[in-house]
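Report on one structure; see the data block that follows.
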Amino acid sequence: RALVDLTLAFTQSHAAWSLLDPEYQPRDEQAWAVGYAPLPAERFPLVHASAGRLLELTRDDAAVFEYTLGLFLDGVQARLAARQCPAT
């Protein structure tokens, strides 16, 4: 179910972005950094530290999905390995 939800989320996000007028697509991408940059650093240190990098992101949805899918599968593999190891 988690894999299906992950795939649907990427598909829906890409479809919604694709429906935007091409004039507004760059502004939508920049909104991610503008929206997250002002968050307080003491409460969201990792988001605050990476907010500047959000502007550097490209719209390579296939590469982002491949990376995210790899993270997901690594997590599944780690959980399976943890179940096979005897408790210490």
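Given the structure is predicted, the values throughout are model-derived calculations rather than measurements.
Side-chain heavy-atom separations under 4.5 angstrom define the hydrophobic clusters, and the remaining members of the one that includes Leu8 are Val4.
Under the ring-ring contact (aromatic ring centres under 6.0 Å, His included) criterion, Phe10 pairs with Phe65, sequence neighbours left out. Take Leu73 and apply the side chain to side chain contact (heavy atoms under 4.5 Å, CB included) test, not counting sequence neighbours, and it matches Leu69.
By the neighbour-count criterion of 12 heavy atoms within 6.0 Å, atom OH of Tyr67 is sparsely surrounded, having that number or fewer from other residues, nucleotides or ligands.
Here the side chain of Thr7 pairs a donor or acceptor atom with the backbone of Leu3 at under 3.5 angstrom.
Note: Leu46 CG to Leu39 CG = 12.0 Å, rounded to the nearest 0.5 Å. Separation of atoms NE2 (His14) and CG (Leu19) is listed at 9.5 Å; rounding is to 0.5 Å.
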